[in-house]
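To keep things clear, I will list the structure first and then write my remarks on it.
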Number of protein chains: 2
Amino acid sequence: MKTKLVSEKDYSIQIAHAIKESIVSGHLPVDGRLPSESDLAAKFDVSRSTVREALKRLAAQNLIRTQRGASGGAFVNRISFAQAQEQLATTATLLLTMNEIDFETACESRFTLEHACLALACARRTDADLATMKLELEKQSDPLLSDESFCASDVGFHRALVDAAHNPILSWQLAASVEAMQPLMNMITYTGRSRARILDLHGTLYAAIRTEDAVKAKTTMDDLASYILDLGRKFVLGRATASPRNSGGRSQMT
Amino acid sequence: MKTKLVSEKDYSIQIAHAIKESIVSGHLPVDGRLPSESDLAAKFDVSRSTVREALKRLAAQNLIRTQRGASGGAFVNRISFAQAQEQLATTATLLLTMNEIDFETACESRFTLEHACLALACARRTDADLATMKLELEKQSDPLLSDESFCASDVGFHRALVDAAHNPILSWQLAASVEAMQPLMNMITYTGRSRARILDLHGTLYAAIRTEDAVKAKTTMDDLASYILDLGRKFVLGRATASPRNSGGRSQMT
DNA sequence: CGAGCACAAATTGTCTGACAATTAAAAAAT
DNA sequence: ATTTTTTAATTGTCAGACAATTTGTGCTCG
């Protein structure tokens, strides 16, 4: 049976949309195999190239994967948290870099989220969670640690903290936010030379979660938030006066 | 200058990745024009089809748009919140439908987020925010309203509530969560026939935000959360016993 | 001189047909 | 029975062509 397409939009878009619907609606089960490209071409009455472009659109969204060879083809992906997180992080990064989102807004959303996780984290943290946090704390207390590694460990600590809430969706959303902000955070930490203060706050946070003291954890998180926000403000300020703005002519790819 | 590609992965993936890097890193400015497909084909030393598949991958992620005709081509998109939200909602829906995320986890993450917005909302709500919430409240109090419209208004109320926090990132993330959960929430509300209770809680929330009473707002939100969670549990339970599970044979697309 | 109009040029969208690369299954050989 | 070879199916890539669309250009006519 041939499926009708309207001729007003590009075929590859319509085909991608049709298949996507089949997937999202559950009509096509996870790991189910799509018809071969030739079959799809016949079904939609278009050329194989057009079908391929449609499939590439879906592959870019991690909705399908392809495999060569006999009994190969396109299969419906079970979307993983890792993939979802990567997509979200890309989007968040783009929003941060090319839209009008300023550092303060991003910072506020991140710490608001993290703050919200604390109550859950205090109630549910396991020994494994605490061990992970403790490990990162010890890494961070090494004065010989490079700036880069310190930042990585910082991310690891916050991630462990959120993971302690044991809600994968919250972990997912927050991890993406943190990842998108990391480059900027790195620069701030580099220039701020503020390891001692951060380490101290982390230690306090750790202790509060260990003892299930949600109130203490929250006030500490607020302190950390305002401290980082302050550093960020200074950093952005210094940057604004130091380096001239990138003048905005269109440029081609080199 | 030709750009080298390794022959181990598919070319279209590598090309898409290379261009994506140029965009995310800011090397290609927003609204900047990419070279034509023929030029890119020459630059990467591949055929035009391969370049096209790469571009379709980017288009599927809303990173570029294309335009036909003279002085047409592919242009770097300024990603909008609307697009970002749509992408996030799709991902969230997929995670919800085909992964092992249960209703309680989704519900918890949503209300945790919303709870976290309340403090900001109380501090920053404008008259316009209050008016929007009030409007939805009045809609909801009409007993002749259809179930569908009631649910839509419910979403509108919560959206207005989060928007009152005036942090676009939080609005974005939460809106996507809410949208992904809406189908399920609808069914729950349909069966629960629980309008009066919900309306009451909404009214209390509205009043608390109007008077900037963050404490009251938070306790009310907690009540709402546990009420919905309770309804959801009953609903899921009833569903599990009533309808048999979709048996899992692989199926082809029809 | 201006307004409209035909035409050319550039660019993406699609089609056709072909071949290469890869993989699983079937067939053949040992 | 096990290993090797062949075969078939499928995606990945290529080349060339034409269609559709849009913009600019120059020409004609008022």
Side-chain angles (χ1 to χ4, degrees), chain A residues 2-19 23 28 31-77 250 252-253, chain B residues 2-19 23 28 31-77 250 252-253:
Chain A
K2 290 183 182 176
T3 299
K4 268 290 180 67
L5 299 176
V6 301
S7 60
E8 314 209 328
K9 279 183 196 166
D10 294 349
Y11 290 157
S12 71
I13 294 180
Q14 296 180 60
I15 294 171
H17 196 74
I19 299 177
I23 295 175
L28 271 169
D31 290 332
R33 180 179 176 279
L34 272 64
S36 74
E37 295 175 353
S38 307
D39 291 350
L40 286 172
K43 179 173 140 69
F44 289 107
D45 199 22
V46 297
S47 74
R48 208 186 130 210
S49 328
T50 305
V51 167
R52 280 183 62 77
E53 288 177 8
L55 292 180
K56 294 314 152 212
R57 297 184 119 101
L58 300 178
Q61 301 175 265
N62 282 316
L63 277 135
I64 61 171
R65 62 183 179 279
T66 54
Q67 203 174 9
R68 293 224 271 212
S71 79
F75 300 85
V76 177
N77 260 344
R250 297 192 175 187
Q252 296 274 337
M253 215 171 88
Chain B
K2 290 183 183 175
T3 300
K4 269 289 181 66
L5 299 175
V6 300
S7 59
E8 313 207 331
K9 280 184 197 166
D10 294 349
Y11 290 157
S12 71
I13 294 180
Q14 295 181 59
I15 293 171
H17 196 74
I19 299 177
I23 295 175
L28 271 169
D31 290 332
R33 180 180 175 276
L34 271 63
S36 75
E37 295 175 352
S38 308
D39 289 351
L40 285 172
K43 178 174 139 72
F44 289 106
D45 199 21
V46 296
S47 74
R48 209 187 127 207
S49 325
T50 306
V51 168
R52 280 183 64 76
E53 288 178 9
L55 292 181
K56 294 316 152 210
R57 297 185 119 101
L58 300 178
Q61 301 176 267
N62 282 316
L63 280 151
I64 59 171
R65 63 183 180 280
T66 52
Q67 202 174 8
R68 292 224 272 214
S71 79
F75 300 85
V76 178
N77 261 343
R250 297 194 175 185
Q252 295 274 335
M253 213 171 89

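Each chain gets a letter, A, B and so on, in the order the sequences are listed, and its residues count up from 1. Here the structure is a predicted model, which means the values were calculated and not measured.
To the nearest 0.5 angstrom, A:Glu37 atom CD is 8.0 Å from A:Thr66 atom OG1.
The minimum heavy-atom distance between B:Ala54 and B:Ser12, with the atom names listed, is CB-O, 3.4 Å. Scanning both residues, A:Leu40 and A:Pro35, for their nearest heavy atoms gives CD1-O, 3.7 Å.
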Can you list the steps and then say if A:Leu63 with A:Ile19 is a side chain to side chain contact (heavy atoms under 4.5 Å, CB included)?
CA-CA 10 Å; A:Leu63 277 135; A:Ile19 299 177; over 6 Å; no
Dump the intermediate steps for side chain to side chain contact (heavy atoms under 4.5 Å, CB included) on A:Asp31 and A:Arg65, then the final yes or no.
CA-CA 9 Å; A:Asp31 290 332; A:Arg65 62 183 179 279; 2.8 Å; yes
Full working for side chain to side chain contact (heavy atoms under 4.5 Å, CB included) between B:Val46 and B:Ile15:
CA-CA 10 Å; B:Val46 296; B:Ile15 293 171; 3.8 Å; yes
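Scanning DNA chain C 5' to 3' for nucleotides with an atom closer than 4.0 angstrom to a non-hydrogen atom of chain A gives a first and last hit of C:dG13 to C:dA24.
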Which protein N or O atoms sit under 3.5 Å from an N or O of nucleotides 12-14 of chain D?
unit_1, atom_1, unit_2, atom_2, d
D:dG12, OP1, A:Thr66, OG1, 3.1
D:dG12, OP1, B:Asp10, OD2, 3.4
D:dG12, OP2, A:Arg52, NH1, 2.9
D:dG12, OP2, A:Arg52, NH2, 3.4
D:dG12, OP2, A:Lys56, NZ, 3.0
D:dG12, O4', A:Arg68, NH1, 2.4
D:dG12, N7, A:Arg48, NH2, 2.7
D:dG12, O6, A:Arg48, NH1, 3.3
D:dT13, OP1, B:Tyr11, N, 2.5
D:dC14, OP2, B:Ser47, N, 2.8
D:dC14, OP2, B:Ser47, OG, 3.3
D:dC14, OP2, B:Thr50, OG1, 2.8

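Evaluated for a salt bridge (Lys or Arg N to Asp or Glu O under 4.0 Å) with B:Glu53, the options A:Arg52, A:Arg48, A:Arg57 yield exactly one hit, A:Arg52.
With hydrogens and angles ignored, the 3.5 Å screen pairs a side-chain donor or acceptor of B:Gln14 with a backbone N or O of B:Lys9.
Between B:Asp39 and A:Ala70, the residue whose closest nucleotide on DNA chain C is further toward the 5' end is B:Asp39.
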